[in-house]
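Just below is one structure, and these are the notes that go with it.
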There are 2 protein chains.
Amino acid sequence: MSVGTRAHRPRTRIQREKRELILEAALEVFSAHGFRGSTIDQIAEAAGMSKPNLLYYFRRKEDIFTTLIHRLMETWLAPLHELDNVGDPMTELRGYIRRKLEMARDYPRESRLFANEILQGAPRIMLLLEGELKALVDEKAEVIRGWMRDGKIARCDPRHLIFSIWATTQHYADFDVQVRAVLGPDRGGDGRFEDAARFLEQLYLEGLRP
Amino acid sequence: MSVGTRAHRPRTRIQREKRELILEAALEVFSAHGFRGSTIDQIAEAAGMSKPNLLYYFRRKEDIFTTLIHRLMETWLAPLHELDNVGDPMTELRGYIRRKLEMARDYPRESRLFANEILQGAPRIMLLLEGELKALVDEKAEVIRGWMRDGKIARCDPRHLIFSIWATTQHYADFDVQVRAVLGPDRGGDGRFEDAARFLEQLYLEGLRP
DNA sequence: GCAAATTTTGACCGATTGGACAAACGTTAG
DNA sequence: CTAACGTTTGTCCAATCGGTCAAAATTTGC
């Protein structure tokens, strides 16, 4: 009997290990080829097991994907959660941009996985977007609006500010090949994230000065 | 004999019309599901013809895709071509941002098609990126650098400036469902492009002030 | 109007894919 | 040791997909 069918039996050590192995392999494959572009065989091979064996731990291809994307959602939104009004507003925002850019650098697969899902119309995470994500953005937008009322940063639409930070930082993960191609072999090799950080820091520092 | 196999016979009226019909249908399907996520049957149905009939005009699925993406590349880069140093630098940049945002609003399918291709590693347009695109960006980066030397705009890396404009504007096409979900039914319905234009205009106007 | 060329269609094919299943193999607790 | 449970594998299947092909239907040039 497969793992999924057993009703609420606690997970075995092997089950925990193998499921992690599969999810790691699936992240690699899904982020590179998208959902439909990936096959169970590819994931199974990347995880070092046979296809029926993989299907013993996840009954359907889609189960792997949804498990993966729901889990990643938390880590992906962590930087925004950290944004609060304890420190200096400009420092807070700069820190947020820096953390988002670091995530694009260190977790490009996660970024591309999300981008792919959103591009396809987000069929599997629409409820998450309308629920948790919207609530989080609304909450943080209110924090930012407070900064504006206090005259700490320039007045603007805080939600579009958040969008622009998402867009500019994730661009370096999602459009990596384009960035590399345009920058050429010299600056595309490395250090492009430092350049990006410098540029974005300046843009937002000056652009949001009250 | 199929259209592709005949050696350089001029295109019939029907061939021109039907090929356009197919490319329009393919844009619709490919932009929604990506290359591997789309089937010839889907495209054929969207174009109102049978699969073998479609394959009479394009011998392979990939031929449709490459024809489509190469043709779109021109219109997609047109706004950047228009960026030159005849007018006031700030006005030029603001116009570029506005045009890019209008393209995201009016041609979201094209934007998503490109995004999808880049996300998959740009296997079919890598040469274009390293060739035409890089050359164009290099050229325009030099124009922008000239503005900086003249003290017209703040000094920064012009290529990352271009990246950020691409990212922020195309975000409203590629991540449309996310933007709508976060903004909610009220502002997601319409007018979000005006809000975005206002925000971006302010961000870049202030952020690039010399 | 007719022959040649073009266009359309239905039937078909091999490869791939997601998934089912039962049997074999391993592991572990008593 | 052994019985129960967990894990792995080989085999198989139906559906889908990209693409072929020959024949039928239509259009075009003269």
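Chain letters run A, B, ... following the sequence lines, proteins first and then strands; every chain starts at 1.
Between A/Glu17 atom CD and D/dG6 atom C1' there is a gap of 14 Å when expressed in whole angstrom units. Computed from coordinates, the B/Leu55 CG to C/dC12 P distance equals 18 Å when rounded to whole Å. The CZ atom of A/Arg59 sits 14 Å away from the C1' atom of C/dC21 (whole-angstrom rounding). One can place CZ of B/Arg16 at 14 Å from C1' of D/dT28, the figure rounded to the nearest angstrom. The interatomic distance linking B/Ile43 (CD1) with D/dG19 (C1') rounds to 14 Å, in whole Å. Rounded to an integer number of Å, the gap from A/Ile64 CD1 to C/dT17 C1' is 14 Å. The separation between A/Asp63 atom CG and C/dG18 atom P is 13 Å, rounded to whole Å.
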Identify every side-chain donor-acceptor pair in residues 75-87 of chain A under 3.5 Å, counting partners at least two apart or on other chains, and give the distances.
residue: A/Thr75; atom: OG1; partner: A/Leu72; partner atom: O; Å: 2.9
residue: A/Glu82; atom: OE1; partner: A/Arg99; partner atom: NE; Å: 3.2

Name every donor-acceptor pair, under 3.5 Å, that has one atom in a side chain of residues 114-122 of chain B and the other anywhere in the protein, sequence neighbours excluded.
residue: B/Glu117; atom: OE1; partner: B/Arg124; partner atom: NH1; Å: 3.1
residue: B/Glu117; atom: OE2; partner: B/Arg124; partner atom: N; Å: 2.8

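Residues satisfying the side chain to side chain donor-acceptor pair (under 3.5 Å) criterion with B/Thr169, sequence neighbours excluded, are absent altogether. Shown here are the side-chain contact (heavy atoms from CB on, under 4.5 Å) partners of B/Ala46, two or more places apart in sequence or in another chain: B/Ala25, B/Val29. For A/Glu92, there are no side chain to side chain donor-acceptor pair (under 3.5 Å) partners two or more places apart in sequence or in a different chain.
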Between N or O atoms, less than 3.5 Å apart, protein on one side and nucleotides 9-17 of chain D on the other: list the pairs.
residue: D/dT9; atom: OP2; partner: A/Ser50; partner atom: OG; Å: 3.3

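The two atoms that bring B/Ala173 and B/Pro108 nearest to each other are CB-CA, 3.9 Å, heavy atoms only.
Phosphate proximity of C/dT8 to B/Lys18: present, with a side-chain N or O under 4.0 Å from OP1 or OP2.
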